[in-house]
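Have a look at the structure below, then the notes.
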Amino acid sequence: MQMHEYITNPLYQQLATYFYEQNNIVDIIEDNNEILATLQAFGQIHHCTLKYENHKLIHYQCDCDKCDTLSPCGHIGAIMLKLADDISLPYHDNKLERMIHYKEIEEKRKRDAYLKQQSQITADFIVKQKILYQQNLSTIIQQTQYELEPVFDHMRISYKIGNEKKYVIRNITTFLNQIKNKENVKYGKALSFIHDESAFDEFACKQIEFLKTVNNYLRDNSYSKYYFSSLGKSIELEEGIIDDFFDLYYGYDYPTFHLNKYQKRIQINMKEDEIYYILSLEKLDSYIYGQKYLYIYDNNETLSRIESDHQGILKNLIQILVKGELSVKKEEYTSFSKYVLSNIEDYIDINLPLDMMMNDYHTIHLYGDIDDNEKIVLRLDYLNDNGHIQGGFDKDFMTNYQQDIVETYISNYGDIDYNNHLAYLDENNERTYLFLNEGLEFLSNFADIYVSQDLRKLGDKAYYSIQVGVKVESQLLSLDIASDQIPVDEIGHVLD
């Protein structure tokens, strides 16, 4: 049986001869008149089946994609050549095992070389971390803590770091990331330490928190937070930053800048026409605006905060008036005076007519008693520095913030009689006793409290001893109630 009789494709013939000569046939067995063979070629294993009848090939099959009904593949051809050697079956060649063994040896050699290389990297890493560890340990043992020094230059702030000798921080965002990651940072030849917050003194830690706040503010308020990269070397003290800056550094003295608090009453003019009151500034000063406060900056590197309210009302009003006049409708002036002017009256001078003067009744007296009809009555008096008294619960009077707190709190517990300017509390309401025991204490933060002895006793909790006996007679429950503190004819009222 000649292989060339069945395989006419020259390429398949060459491959069959090559596989045969290279001893690529792993094993051949005979099973039920079929030849089952395994062949290794180009790193792949192929399984083949051949069937002979009267020394003629009548069936063949291979798991490669070259074998079809028109012609056997080169793998089948190689097996036919091997069978032509008149070998005894089963046949087995250990070449594959040897190849696998050599491959395993080569892979192990490569793996050992790789691990040796990685172990050197690890050793270098350990040495580096050991140095950092020892530096950190030395810092903690020596209790060395480093300072941050702000440097002020025309409304921009930058920083130096160190103790005796200080070094410039060249990028504030990078500095914050180094603290976050606890990195070892080297400044020149003389300063190198791990940037953990414990390595900074107390005030430096406060400055670091300020820088974190600034970094977050600028990132969130930049034109596009996706384009915000870093703070850089210095920070501009803009509106959203300057208040926190002043709060942090006020009281400290630095050679590059000074911070002052400036008591200045801002002059506001008011004139009247038919429909409006028109407000304007007496003098247009050059202000720097924070979120809540006004500032003045001079050429001597002095930044002064103008004393004002803590809500930013004065700052917001001045920011409007600097741009031009402010008109207030006459029917809205009462609200404007109450919610705007009254909160900043200590910081402005405004030319108001006598009938428009702001509320100057800063003392509150609260009186409480039980009237002849056994009703709980509360009265409020407001006093100014001249001894004048204004009654509370008066709808025609423009109350201030503290007066509103007191009147609103009382109205939550009782009924208000605006005609007689009194408040009434229901003695039979449990909330009245809550007011007497807890509410008066709360109101003492805003008013002087004057309560009659009768009302004070009513607010005191009373405890009585009552004895109760129980028995059953003729299938009826009998209660015997007695007290040494309450007359027999009043026990029923107490228990009602």
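Throughout, numbering of the chain's residues begins at 1 and tracks the sequence. Predicted, not measured: the structure shown is a model, and the values here were computed from it. Note that these values count all heavy atoms, side chains included, but never hydrogens, waters or copies made by symmetry.
Take Tyr252 and apply the side-chain contact (heavy atoms from CB on, under 4.5 Å) test, not counting sequence neighbours, and it matches Phe203, Tyr254.
Annotation: Phe246 is not in aromatic contact with Tyr293 [ring centroid separation under 6.0 Å not met]. Residues Phe446 and Phe442 bring their aromatic ring centres within 6.0 Å. Between His388 and Tyr382, the ring centre distance reaches or exceeds 6.0 Å. For Tyr333 and Tyr276, the gap between ring centers reaches or exceeds 6.0 Å. In this structure, Tyr450 has its ring center under 6.0 Å from that of Tyr367. A distance of 6.0 Å or more separates the ring centres of Phe397 and Phe393.
Test Lys330, Lys329, Lys271 against Tyr277 for side-chain contact (heavy atoms from CB on, under 4.5 Å) and you get one pass: Lys330. Results of the side-chain contact (heavy atoms from CB on, under 4.5 Å) test with Leu279 over Leu321, Val340, Ile320 single out Leu321 as the only residue that passes. Exactly one residue among Leu378, Asp426, Leu434 makes a side-chain contact (heavy atoms from CB on, under 4.5 Å) with Tyr413. That residue is Leu434.
Other residues, nucleotides and ligands place more than 12 heavy atoms under 6.0 Å from the NZ atom of Lys264.
Both tests hold for Lys165 against Tyr167: distance to the six-membered ring centre under 6.0 Å, angle to the ring axis within 45°.
Within the structure, salt bridge (charged side-chain N to carboxylate O under 4.0 Å, His left out) contacts touching residues 373-393 (residues at least two apart or in different chains) are Arg379-Asp381. Counting only residues at least two apart or on different chains, the side chain to side chain donor-acceptor pair (under 3.5 Å) pairs with a member in residues 149-160 are Arg156-Ser234, Tyr159-Tyr249.
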